[in-house]
Amino acid sequence: MKKVIIIMALCATIPALACAKKPKKVESAPAEVNPVAVVEDETPEITEECIINVSLFVESAKNKQYADAYGPWLEVYNNCPNANKAIYSRGSAILEWKYNNATTEEEKNEIRQLVLQMHDKRIKWFGDDPKYPTAYILGQKGLDYCKFYPEDPLKLDAYNWIKQSVTEMGTESQLAVIVKLMELSNELYKADPDKYGPQYLADYALISPILQTLWDDPASKNATAAAQSKEYVDNMFALSGAASCDKLDELYANYVSTNGQYLEDMLKLMRLYQRVNCTESEVYFAAAEAAHKLKPTTESASGCGSMSLKRGEYTDAINYYKQAIELIDENDPEGDVTRADLQYRISYIYMDKLNRYADARTFANLSMNSNPNQKGRCYIMIGLCYASSQPYQTPDFSAAKAAILNKTVFWAAVDKFNKAKAVDETCVDDANKLIATYSKYFPSKEEIFDLPTEFGSGTFVVGGWINESTVVRPKKD
């Protein structure tokens, strides 16, 4: 009677099992047991021995006592693989321990083959499980392949299993499986962009909305992890070089209209477009506008400024950029860099689009004050402003004299170009080209001789809004 009670208690802990003959105690796996088992054609009998072995390996695996778990696990796996799903949910960890403790390459190879066979056997006996169906199991098989076969550079088998898993499971997929699909697809694309480029884009188009849905679900305990995975996947895609602006627009053409009420979604989309330098895209502009209406931020205002600039609305662009500067968080460690960049953009509009050179110089000076690393290109901007200016006009001067005096702006311009290459070696080539170009327009020796009062001292203050002292020098013959 006592034996019957014990057996019934064990059965109660594993309701999927049937109790038959008296179990026998199983110690560690005998050395002669071959771990690579043959797939059964008939449904194995679930004996009392299976029941007790399941109980033994589950308890040991829970406590990470894999040396104790391996023997009874292997007995169950070989003799009654249909006994319980725990054979497979615990099996990967048990076999990983066995693999890590194997002493020969032959043994290691047997173990990793067994890992893949284990997933196939699970599909045979539990592939119709409503929660963990065949598609789910294929995802696990793909993850294990990547773990146990690192020497395979492309892992095409794992890619195909995981692709099928994510396609069928959708938002029910594990995050690890979704991310692994993107990583494998990325490796294939890098190996052969022409062959795998369309596939890579299709994979991103599959993965991105799944992660977005998981992220947007307030009831999901994985929402935060999904958001992090989405950003990781987006970064990978952006850095791959496959993300052309046109392709991104195809993927996100309707995204703003369906998600425009969510500020964080719009900001994330904007950042993705920024990473791939697609800030001239209408989709990017639409996201910026939507974000700005919800809550004006430096990012949204800057995006709207870029949109206005592209559309030729220069005053609006300047106003948006100024607003973006005002919205910079004082605690933002990148705040000065952002401010300097926005000030430079304003300077560019004033110089190149509105011919307001004094205002352009003002913002170029502000930019280099915000970020001294900007000095090189800011000096070039100021030099271009000088070279474009004609501060001497009639009737204050005769036409001939005004023409000579206006050439002095090129002295001041070249001074700025020389400063640019002195403070920033990345500007040397551009600065030298500009110096060579504008030095040709210096006053000639004869013109300098004709104005001894103005040029006789060897120095000259360029007039008008420029008001800078420079050295008198004739153009070279």
S.K.: Please name the pair of heavy atoms, one in F148 and one in E96, separated by the smallest distance, quoted to 0.1 Å.
M.R.: CZ-CA, 3.8 Å
S.K.: Between the side chains of E299 and R271, is the shortest nitrogen-to-carboxylate-oxygen separation below 4.0 Å, so that they form an ion pair?
M.R.: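 Yes.
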S.K.: Compute whether any side-chain donor of one residue and acceptor of the other, for Y204 and N186, lie under 3.5 angstrom apart.
M.R.: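 No donor-acceptor contact under 3.5 Å links the two side chains.
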S.K.: Between CG of D217 and OG1 of T171, what distance do you get to the nearest 0.5 Å?
M.R.: 8.5 Å
S.K.: List the residues meeting side-chain contact (heavy atoms from CB on, under 4.5 Å) with D450, not counting sequence neighbours, and say none if there are none.
M.R.: none
S.K.: Go through the steps for I380 and C427 under the test side-chain contact (heavy atoms from CB on, under 4.5 Å), then give the verdict.
M.R.: CA-CA 8 Å; I380 285 179; C427 294; 4.1 Å; yes
S.K.: Is it the case that the side chains of Y348 and D352 hold a donor-acceptor pair, with the cut-off being a distance below 3.5 Å and no angle test?
M.R.: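 Their side chains do contain a donor-acceptor pair, which is all the 3.5 Å distance test asks for.
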S.K.: Do I346 and I325 touch side chain to side chain, with heavy atoms closer than 4.5 Å?
M.R.: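 SC-SC contact between I346 and I325 confirmed.
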S.K.: Strictly below 4.0 Å, N to O, side chains only: are E447 and K407 in salt-bridge contact?
M.R.: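 Looking at K407 together with E447, the answer is yes, because their closest N to O distance falls below 4.0 Å.
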S.K.: Once rounded to the nearest 0.5 Å, what's the spacing between atom CZ of R339 and atom CD1 of I328?
M.R.: 4.5 Å
S.K.: Side chains of R361 and Y350: donor-acceptor distance under 3.5 Å anywhere?
M.R.: no
S.K.: Once rounded to the nearest 0.5 Å, what's the spacing between atom NZ of K108 and atom OG1 of T103?
M.R.: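 Reported to 0.5 Å precision, the distance equals 9.0 Å.
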S.K.: Check whether Y379 forms a cation-pi arrangement with K416 (NZ or CZ under 6.0 Å from the six-membered ring centre, at most 45° off the ring normal).
M.R.: no
S.K.: Check the side chains of Q343 and S370 for a donor-acceptor pair under 3.5 angstrom, ignoring hydrogens and angles.
M.R.: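 Yes.
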S.K.: Looking at R345 and D341, is any side-chain nitrogen of the basic one under 4.0 Å from a carboxylate oxygen of the acidic one?
M.R.: yes
S.K.: Got more than 12 heavy atoms from elsewhere within 6.0 Å of NZ, K147?
M.R.: yes
S.K.: Taking all non-hydrogen atoms of both residues, which atom of A86 and which atom of S89 are closest, and how far apart?
M.R.: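 Heavy atoms only, the tightest pair is CA-OG, 3.2 Å.
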S.K.: For V283 and Y255, what are the C-alpha separation, side-chain angles and deciding distance, and is it a side-chain contact (heavy atoms from CB on, under 4.5 Å)?
M.R.: CA-CA 9 Å; V283 174; Y255 187 80; 5.9 Å; no
S.K.: Work out which heavy atom in A290 is nearest to a heavy atom in G260; give both atom names and the distance.
M.R.: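 Residues A290 and G260, closest heavy atoms: CB-O, 3.9 Å.
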S.K.: Do D234 and K230 sit within salt-bridge range, that is, some charged N less than 4.0 Å from a carboxylate O?
M.R.: yes
S.K.: Is a side-chain donor-acceptor pair under 3.5 Å present for Y252 with S208?
M.R.: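 Present: a donor and an acceptor within the cut-off.
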S.K.: Taking the six-membered ring for Trp, are Y320 and H292 ring centroids under 6.0 Å apart?
M.R.: yes
S.K.: Can you tell me if Q199 and Y159 form a side-chain donor-acceptor pair at under 3.5 Å?
M.R.: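 Note: Q199 and Y159 side chains meet the donor-acceptor criterion.
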S.K.: Flag the pair D424 and R377 as a salt bridge only when some basic side-chain nitrogen lies within less than 4.0 angstrom of an acidic carboxylate oxygen.
M.R.: no
S.K.: In Å, rounded to the nearest 0.5 Å, how long is the span from CD1 of I210 to CD of E172?
M.R.: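 Output value for this atom pair is 10.5 Å.
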S.K.: Heavy atoms only: give me the nearest P391-G464 pair and the separation to one decimal.
M.R.: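 Looking at all heavy atoms of both residues, the closest pair is CB-CA, 3.9 Å.
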S.K.: May I ask you to test the K141-D120 pair for a side-chain heavy-atom distance under 4.5 Å?
M.R.: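 Result yes, sub-4.5 Å side-chain heavy-atom pair found.
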S.K.: Going by heavy atoms in the side chains, are P133 and D128 under 4.5 Å from each other?
M.R.: no
S.K.: Do Y386 and E468 meet the criterion of a side-chain donor-acceptor pair at a distance under 3.5 Å?
M.R.: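 Present: a donor and an acceptor within the cut-off.
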S.K.: Salt-bridged, R356 to D359, with N to O below 4.0 Å?
M.R.: yes
S.K.: Are Y200 and F237 close enough that their ring centers fall under 6.0 Å?
M.R.: yes
S.K.: Any non-hydrogen side-chain atom of L184 less than 4.5 Å from a side-chain atom of C146?
M.R.: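 Result yes, sub-4.5 Å side-chain heavy-atom pair found.
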S.K.: Run the side-chain contact (heavy atoms from CB on, under 4.5 Å) check on N222 and L214 step by step: do they pass?
M.R.: CA-CA 7 Å; N222 294 321; L214 293 173; over 6 Å; no
S.K.: Report the C-alpha separation of L269 and Y284 in whole Å, then their side-chain angles, then the decisive distance to 0.1 Å, and conclude whether the side-chain contact (heavy atoms from CB on, under 4.5 Å) test is met.
M.R.: CA-CA 7 Å; L269 182 60; Y284 173 78; over 6 Å; no
S.K.: Residues two or more places apart in sequence or in another chain: which of them pass disulfide (SG to SG under 2.5 Å) with C245?
M.R.: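 Result, disulfide (SG to SG under 2.5 Å) vs C245: C278.
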S.K.: Measure the spacing between CZ of R122 and CD1 of I137 and express it to the nearest 0.5 Å.
M.R.: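 Atom-to-atom, R122:CZ and I137:CD1 are 4.5 Å apart.
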S.K.: So, Q113 and Q117: side-chain donor and acceptor under 3.5 Å apart, yes or no?
M.R.: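 Result is no, nothing qualifies.
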S.K.: Answer whether the closest heavy-atom distance between the side chains of R90 and K62 falls below 4.5 Å.
M.R.: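 Answer yes - side chains close enough.
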S.K.: For residues K121 and Y88, determine if any side-chain heavy atom of one lies less than 4.5 Å from a side-chain heavy atom of the other.
M.R.: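 Answer yes - side chains close enough.
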S.K.: A side-chain contact here means heavy atoms from C-beta on lying under 4.5 Å apart; do W215 and D265 qualify?
M.R.: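 In contact.
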S.K.: Are the aromatic ring centres of Y145 and Y149 under 6.0 angstrom apart?
M.R.: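 Centroid distance Y145-Y149: below 6.0 Å, so yes.
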S.K.: For the CD1 atom of I448 and the NZ atom of K475, what is their distance to the nearest 0.5 Å?
M.R.: 10.5 Å
S.K.: Suppose we call two aromatic rings close when their centres sit under 6.0 Å apart. Are F460 and F455 close by that rule?
M.R.: yes
S.K.: Ion pair present between D216 and K268, side-chain N to carboxylate O less than 4.0 angstrom?
M.R.: no
S.K.: Using side-chain heavy atoms (C-beta onward) and a distance below 4.5 Å, is Q228 in contact with T224?
M.R.: yes
S.K.: Quick check: are there more than 12 heavy atoms from other residues, nucleotides or ligands sitting under 6.0 Å from OH of Y262?
M.R.: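 It does not: Y262 OH has 12 such atoms or fewer within range.
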S.K.: Could R112 and E151 be called an ion pair, given the rule that one side-chain N must be under 4.0 Å from one carboxylate O?
M.R.: yes
S.K.: Would you mind telling me which of V409, V414, T408 makes a side chain to side chain contact (heavy atoms under 4.5 Å, CB included) with W411?
M.R.: T408
S.K.: Restricting to non-hydrogen atoms, name the atom on M266 and the atom on A287 that form the minimum distance, rounded to 0.1 Å.
M.R.: CB-O, 3.8 Å
S.K.: Judged by modelled atom types alone, do S185 and D203 share a side-chain donor-acceptor pair under 3.5 Å?
M.R.: yes
